[in-house]
Protein chains: 2
Amino acid sequence: MTTMKDISKRAKVSIATVSAVVNQSSFVSPELTNRVNKAIEELNYRPNAIARSLKKKSTNTVGVILSDILNPYYPAIVKGMDDVAIKNNFSVILCNTSNDQSRFLSYLDLMEEKRVDGLILANISDPEDLLEIEKRKLNFVLVNRRPPGYNTSYVGINNELALETAVDHFATLGYERIAYIGGNSELSTSKERLNGFVKGMRKNGLQISNSLKFEGEYTQDSGYASAIKMLKEVKVLPDAICASSDLIAFGVIKALREHGMRVPEDIAVMGNDNNYFSEEFLVPLSTINHPTYEMGKLGMEMLLQGISEGANHNPKQIILTPSLVVRESCNFIHREKVIAK
Amino acid sequence: MTTMKDISKRAKVSIATVSAVVNQSSFVSPELTNRVNKAIEELNYRPNAIARSLKKKSTNTVGVILSDILNPYYPAIVKGMDDVAIKNNFSVILCNTSNDQSRFLSYLDLMEEKRVDGLILANISDPEDLLEIEKRKLNFVLVNRRPPGYNTSYVGINNELALETAVDHFATLGYERIAYIGGNSELSTSKERLNGFVKGMRKNGLQISNSLKFEGEYTQDSGYASAIKMLKEVKVLPDAICASSDLIAFGVIKALREHGMRVPEDIAVMGNDNNYFSEEFLVPLSTINHPTYEMGKLGMEMLLQGISEGANHNPKQIILTPSLVVRESCNFIHREKVIAK
DNA sequence: TTGAAAGCGCTAACAC
DNA sequence: GTGTTAGCGCTTTCAA
């Protein structure tokens, strides 16, 4: 591997001069510049970022720690991050924890050892985890989920508004008895979404039945299981269901259909997050769109800004606004009810 | 940031001793070991991987260059890679080119500058690109696609067999007039799949009509466009369609339905690759399963093996076997035809 | 305008 | 067993 020393010899200049032309960090006469560039060309020189990093104490690298790359919610986020990273000459080290806490911890250590300039963490909900991160004294921003009370360097979406919008939509269509099937209640996003559901129900003068509230995971299987449970336990079924994610909605719809219920004719279902596939799901899913690409993009921009501004960086949070997407899974109008009013 | 020097002072030992206990690289008396560990604890020392890399001329980091992380084919591959990387104490720098050649090139430069120990490239088809990679003289393995004639350090799947299997399935069900809707014909996977289709048709004594062969991209939009084209141009429609990917099949089915054709009653459709969502697509898609997680896992294992074995590494290729998944998109039996035989 | 030299934090050869 | 030291490839200060 050729080094600056090799170049300096061949171009008959000092190493400092080579460095100056490579980095354009100070003026070098055209003559020497040429000789250096020629040598670089001939020897196929490529600067060693490791050595540079050691000297400069910065790596132009950021770590991204994700909870689950298989969840279709995240690839667009990653792409948003990657796009802005490369535009700013940063690389991203991707770490997928598969929701494994010990893996999360060892990734944190690893990132610290690799001296990344900053960290983006998608899906930190546990205050303990936040402590672990803060201990390391490095730039970071949280994305999507966040621990209770955390208000700095965060980009997420307005989950409360998302579910409120879903309920509003149901209300507009005349649905009244609405169930809620959510994810893990400990996650910030779950809490916010449930809050939004409650808020929406109240606002629309609708009654919330505790027997129609279900919790589980943000997965299709969990949605399926919750729906089965509902079908078994509930005497008078709801006429509509708010699922707190599209994946959950998929599972719910699958369960309903397997039990002979038609969507939306018998029970309407709304998703949330606008999964890539929800438009072509068994029944095209009405849902709430989340600007995920934007979330990744803004998260990385926030991080890089924090890195470049250093101590005098002013932390902030960005909350993106979700929007209604109407398809077919709740388009069955309850004419009688609407007329009756 | 505390360094070995700080530790050595506090523990009143030499730097070499600190290094020895941190890396367990040579015997140190229990007494000194204790002092060192205590100092490490107290000062919250974390080794600097950058400095270590500079010295050792290896980074324990590999680059992964992907053509499109938004395509649902890839997340599982990435997960497979990441899982084996972390198990072997390697980090992965993820690079998503979004199918942009200039971005690919600049990522290659970047990876070289960052001195990654190796590179995995998902989706190199162009011999020129391969040349670019080989120029850099670093360990690499190709995954999924490959340029013509490339037979070293590769893991992919048997694409020919995949399409052959699809045709066999159609033939078994009594379908005879079978169309093919493929991806970009320059990609290795496309060629292999088309070959498999042709082979399967011949083997089953079925006639291939050139007017029933379409090319495009590996996207839903492209599948949609090809199907529209077929609907317009072809006088006598096929009774079945082989799509070369599930995404294409999705587009095809969408187009057919929009034009009043039922799947599978009017036209049957087979996909290929077993997308995460194909089971719950508008019509549950019969397809060919690809072991993508395995592909990523084996790709990374191959790379790490190549890195550790160095010059005396014996390059090889691994071709994984796809398998039939029967669902509903081609389950309409042509009784008359079958009986007629 | 150019070059000499110190030093980033670590490893490893060698000396004691 | 432990310590001294050179040097990985680069940046940057300072002197010339």
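Just so it is clear: chains get the letters A, B, ... in the order the sequence lines come, proteins before strands, and each one is counted from 1.
- By the 4.0 Å N-to-carboxylate-O rule, A:Asp109 lies too far from A:Lys114 to be salt-bridged with it.
- The distance from atom CE of A:Met4 to atom C1' of C:dA5 is 16 Å, rounded to the nearest whole Å.
- Atom C1' of nucleotide C:dT2 and atom CG of A:Asn34 are separated by 16 Å, given to the nearest angstrom.
- Heavy-atom contacts from other residues, nucleotides or ligands closer than 6.0 Å to CD of B:Glu309 number more than 12.
- OP1 and OP2 of C:dT1 both lie 4.0 Å or more from every side-chain N or O belonging to A:Ser26.
- Heavy atoms from other residues, nucleotides or ligands lying under 6.0 Å from CD of B:Glu41 number 12 at most.
- Taking a 4.0 Å limit (strictly below) on heavy-atom distances, residues 10-23 of chain A reaches DNA chain C at A:Val13, A:Ser14, A:Ala16, A:Thr17.
- In this structure, a donor-acceptor pair under 3.5 Å is absent between the side chains of A:Asp68 and A:Tyr73.
- With 3.5 Å as the limit, one finds a donor-acceptor pair spanning the side chains of A:Gln101 and A:Asp129.
- Between the CG atom of A:Asp6 and the C1' atom of D:dC10 there is a distance of 13 Å, given to the nearest Å.
- Electrostatic pairing of A:Asp83 and A:Lys87 does not count as a salt bridge here, judged by no charged N lying under 4.0 Å from a carboxylate O.
- Among all heavy-atom pairs drawn from B:Ile93 and A:Ile93, the shortest one is CG1-CG1, 3.9 Å.
- At whole-Å resolution of the value, NZ in B:Lys5 and P in D:dG3 are 16 Å apart.
- We find that CZ of A:Arg35 is positioned 16 Å from P of C:dT1, with the value rounded to whole Å.
- Distance B:Ile7 CD1 to C:dG9 C1': 12 Å, rounded to the nearest Å.
- Annotation: proximity of residues 45-58 of chain A to DNA chain C (heavy atom, distance under 4.0 Å) is found for A:Leu54, A:Lys55, A:Lys57, numbered in ascending order.
- The salt bridge (charged side-chain N to carboxylate O under 4.0 Å, His left out) test with A:Glu42 singles out one residue from A:Arg35, A:Arg10, A:Lys9, and that residue is A:Arg10.
- If you take CE of B:Met1 and P of C:dG7, they are 22 Å apart, rounded to a whole angstrom.
- Put simply, CD on B:Gln24 is 13 Å from P on C:dT11, counting in whole angstrom units.
- A donor atom on one side chain and an acceptor atom on the other are found under 3.5 Å apart for B:Asn96 and B:Ser98.
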